[in-house]
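What follows is a single structure, written as structure tokens, with notes after it.
Remember, predicted model here, so these are calculated numbers, not experimental data.
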Amino acid sequence: MSWTDERVEQLSKLWLEGRSASQIAAELGLGVTRNAVIGKVHRLGLAGRAKVVAPQAQGRTKAKAQVTAAPEVEEVEATVVPLRNVPTPIQDAVGELAIPPSERVTIMELRETSCRWPMGDPSHAEFRFCGAKTAIGSGPYCATHARLAFQPTQDRRRDRVERYARIA
DNA sequence: CCCTGATTCGC
DNA sequence: GCGAATCAGG
């Protein structure tokens, strides 16, 4: 992979939009790390512009924080909608299992250890994933939802029948 | 612990 | 030029 004109353009656009290096890296994909993004940003001269007054910024060995302000960029008011967790209901749609402590997260807030059990309507902005810590390391679900997801076929069949019965 | 950007330097 | 490693900080 290399920095083609197209990728550089995409990088500049996203960076100037205020996206973080890791987000940009994820978007460019294909093994691009946030370090790669940051490094390129600096080489392009798009970096900093805001803070930095600290004279004590060290890299691998020694470094003198570059205080020289980069070309000022038009301040853009970012219209960011804070996505905060909402109070957690005591029970989920199944009506049996208690939901883990309020840690529901958006897709952007999902981490490797976040329970990926979907909660709510995926077509709505309020959609969240459970977000609780996964039960076993890299497992996709927390203990509670793992039980639901990997329920014995007998129980699952029973539930399915009950659900259909409810609808009918 | 999660994340952010900044910097250096071996490649 | 590139970016991993590392740093300082939120």
Side-chain angles (χ1 to χ4, degrees), chain A residues 1-89 92 98-120 122 124-149:
Chain A
M1 210 293 280
S2 62
W3 286 108
T4 63
D5 289 3
E6 189 176 354
R7 295 173 80 75
V8 170
E9 188 178 346
Q10 204 180 355
L11 165 64
S12 302
K13 175 175 174 292
L14 294 172
W15 182 262
L16 267 49
E17 281 180 0
R19 311 291 300 282
S20 73
S22 61
Q23 287 184 313
I24 295 174
E27 208 147 309
L28 291 177
L30 298 172
V32 176
T33 67
R34 75 182 200 90
N35 273 326
V37 168
I38 292 173
K40 187 59 179 176
V41 160
H42 276 257
R43 265 173 263 124
L44 289 173
L46 302 171
R49 169 215 41 167
K51 42 244 173 179
V52 173
V53 182
Q56 288 293 77
Q58 293 201 320
R60 202 141 189 269
T61 55
K62 54 192 169 185
K64 298 296 195 299
Q66 192 67 20
V67 185
T68 335
E72 198 60 42
V73 179
E74 191 62 33
E75 198 62 51
V76 179
E77 264 308 319
T79 312
V80 178
V81 179
L83 295 174
R84 273 277 53 91
N85 293 340
V86 298
T88 306
D92 64 10
I99 293 178
S102 176
E103 295 187 51
R104 299 199 288 170
V105 298
T106 65
I107 193 165
M108 285 305 297
E109 298 167 332
L110 264 186
R111 304 167 193 190
E112 286 301 321
T113 63
S114 302
C115 173
R116 288 166 156 67
W117 187 268
M119 301 184 72
H124 282 65
E126 294 71 29
F127 177 73
R128 295 286 187 285
F129 289 97
C130 167
K133 281 185 169 51
T134 52
I136 307 173
S138 58
Y141 303 122
C142 65
T144 299
H145 291 131
R147 266 180 241 122
L148 255 186

Check your understanding: side chain to side chain contact (heavy atoms under 4.5 Å, CB included) between A/I24 and A/V41: does it pass, once the steps are laid out?
Key -> CA-CA 11 Å; A/I24 295 174; A/V41 160; 5.9 Å; no
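Ring geometry for A/W117 against A/Y141 counts as perpendicular: the plane angle is over 60°, on a 0 to 90° scale with 30° as the lower cut.
Summarising the geometry of A/L110 relative to A/C115, their closest heavy-atom pair is CD2-O, 4.0 Å, with the distance given to 0.1 Å. Heavy-atom minimum distance, A/C130 versus A/C142: SG-SG, 4.0 Å. In plain terms, the two heavy atoms of A/F127 and A/M119 that are nearest each other are CD1-O, 3.3 Å.
In summary, A/K13 and A/E9 do not engage in a salt bridge, as defined by a charged side-chain N under 4.0 Å from a carboxylate O.
In this structure, A/I38 places its CD1 atom 14 Å from P of B/dT8, rounding to the nearest Å. Rounded to whole Å, atom P of B/dG5 lies 9 Å from atom NE2 of A/H42. Rounded to whole angstrom, the span from the CZ atom of A/R34 across to the C1' atom of C/dG9 amounts to 12 Å. Atom CD1 in A/I24 sits about 11 Å away from atom C1' in B/dG5, given to the nearest Å. One atom, NZ of A/K133, and another, C1' of B/dC2, lie 10 Å apart when rounded to the nearest Å. Look at CG on A/L16: it is 13 Å from P on B/dG5, rounded to the nearest Å.
As judged by a 4.0 angstrom heavy-atom cut-off over every strand, A/R111 is placed among residues touching the sugar-phosphate backbone only.
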Distances under 3.5 Å between nitrogen or oxygen atoms of protein and nucleotides 1-3 of chain C:
{"from": "C/dC2", "atom 1": "OP2", "to": "A/K40", "atom 2": "NZ", "distance (Å)": "2.6"}
{"from": "C/dC2", "atom 1": "OP2", "to": "A/R43", "atom 2": "NH1", "distance (Å)": "2.9"}
{"from": "C/dC2", "atom 1": "O5'", "to": "A/R43", "atom 2": "NH1", "distance (Å)": "3.3"}
{"from": "C/dG3", "atom 1": "OP2", "to": "A/W3", "atom 2": "NE1", "distance (Å)": "2.7"}
{"from": "C/dG3", "atom 1": "N7", "to": "A/R43", "atom 2": "NH2", "distance (Å)": "2.6"}

